[in-house]
Amino acid sequence: MAHALNGKHIAILATDGFEQSELQEPKRLLESWGASVKVIAPGDASQIRGWKDKDWGENVKVDAPLKGAKADDYDALVLPGGVINPDKLRIDTDAVALIKAFGAAGKPVAAICHGPWLLVESGLAKGRKVTSWPSLKTDLGNAGAEWTDAEVVVDGGLITSRKPGDIPAFADAVAKALAA
């Protein structure tokens, strides 16, 4: 699954409470294939804290504040899960606006686990085929999405996955979308 992503710029939008593996592992894989990956977060924090298993995890460096982040500066957007992270971001108007901007620009938007909550809030889920952590099935259906239980679902530029075990397929789908 090696990909050539040199010259590609990817944003990961997250805040405190992101699922540790769902931010760090896609970031590692995408960077190993040559992409430049930047973590964007609300506020002015220089780092955000992950969630691992049943407790707080490691801190991750924030590369850019959400305020001022533009879809024009990136080729794709990744939305990690964790219950806390997307729940905080879906009430942040700047976060929702950035996600909408990626969708309007036709750029790949990839969400894993609970990350698809942000697709509901931004309106990107409507009329699309998606997957997620199983507890989001009803939310996504109510938002007009067609939910399926699959490792990864690609519907145009929208890429979704269910859980940390799906990360290799998830990152591969992001890379393929960028190569298209």
Show the nearest heavy-atom pair for residues [X] and [Y], with the distance to one decimal.
{"X": "A71", "Y": "L98", "value": "N-CD1, 3.7 Å"}
{"X": "A110", "Y": "V174", "value": "CB-CG2, 3.5 Å"}
{"X": "P86", "Y": "H114", "value": "CG-O, 3.4 Å"}
{"X": "C113", "Y": "G81", "value": "CB-CA, 4.2 Å"}
{"X": "W133", "Y": "K163", "value": "CZ3-CB, 3.8 Å"}

Is any side-chain heavy atom of [X] closer than 4.5 Å to a side-chain heavy atom of [Y]?
{"X": "D155", "Y": "V130", "value": "no"}
{"X": "D63", "Y": "K61", "value": "yes"}
{"X": "I167", "Y": "S161", "value": "no"}

Check your understanding: Is a side-chain donor or acceptor of N85 paired with a backbone partner of P80 at a separation under 3.5 angstrom?
Key -> yes
Measure the spacing between [atom1] of [X] and [atom2] of [Y] and express it to the nearest 0.5 Å.
{"X": "H3", "Y": "K176", "atom1": "NE2", "atom2": "NZ", "answer": "6.0 Å"}
{"X": "D149", "Y": "K137", "atom1": "CG", "atom2": "NZ", "answer": "8.5 Å"}
{"X": "D139", "Y": "L119", "atom1": "CG", "atom2": "CG", "answer": "12.0 Å"}
{"X": "L178", "Y": "K8", "atom1": "CG", "atom2": "NZ", "answer": "6.0 Å"}
{"X": "E22", "Y": "I12", "atom1": "CD", "atom2": "CD1", "answer": "11.0 Å"}
{"X": "K67", "Y": "D94", "atom1": "NZ", "atom2": "CG", "answer": "4.0 Å"}

**Study point:** F170/V78 under side-chain contact (heavy atoms from CB on, under 4.5 Å): CA gap, chis, key distance, verdict
**Key:** CA-CA 10 Å; F170 178 69; V78 174; 4.0 Å; yes
Practice item. Go through the steps to decide whether T160 and W147 satisfy the test side-chain contact (heavy atoms from CB on, under 4.5 Å), and finish with yes or no. Key: CA-CA 10 Å; T160 52; W147 188 90; over 6 Å; no
Practice item. With sequence neighbours excluded, give me every ring-ring contact (aromatic ring centres under 6.0 Å, His included) pair touching residues 70-102. Key: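 As it turns out, there is no ring-ring contact (aromatic ring centres under 6.0 Å, His included) pair with a partner in residues 70-102 once direct neighbours are skipped.
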Residues 13-20 side chain polar contacts: donor-acceptor under 3.5 Å, at least two apart:
unit_1, atom_1, unit_2, atom_2, d
D16, OD1, R49, N, 2.6
Q20, OE1, E58, N, 2.7
Q20, NE2, Q24, OE1, 3.1

Exercise for review: Could you give me the CA-CA distance, side-chain angles and deciding distance for T131 and V152, then say whether side-chain contact (heavy atoms from CB on, under 4.5 Å) is met?
Suggested key: CA-CA 7 Å; T131 193; V152 66; 5.9 Å; no
Exercise for review: Before giving the answer on side-chain contact (heavy atoms from CB on, under 4.5 Å), spell out for V37 and R28 the whole-Å C-alpha distance, their side-chain angles and the decisive distance to 0.1 Å.
Suggested key: CA-CA 9 Å; V37 182; R28 183 192 70 76; over 6 Å; no
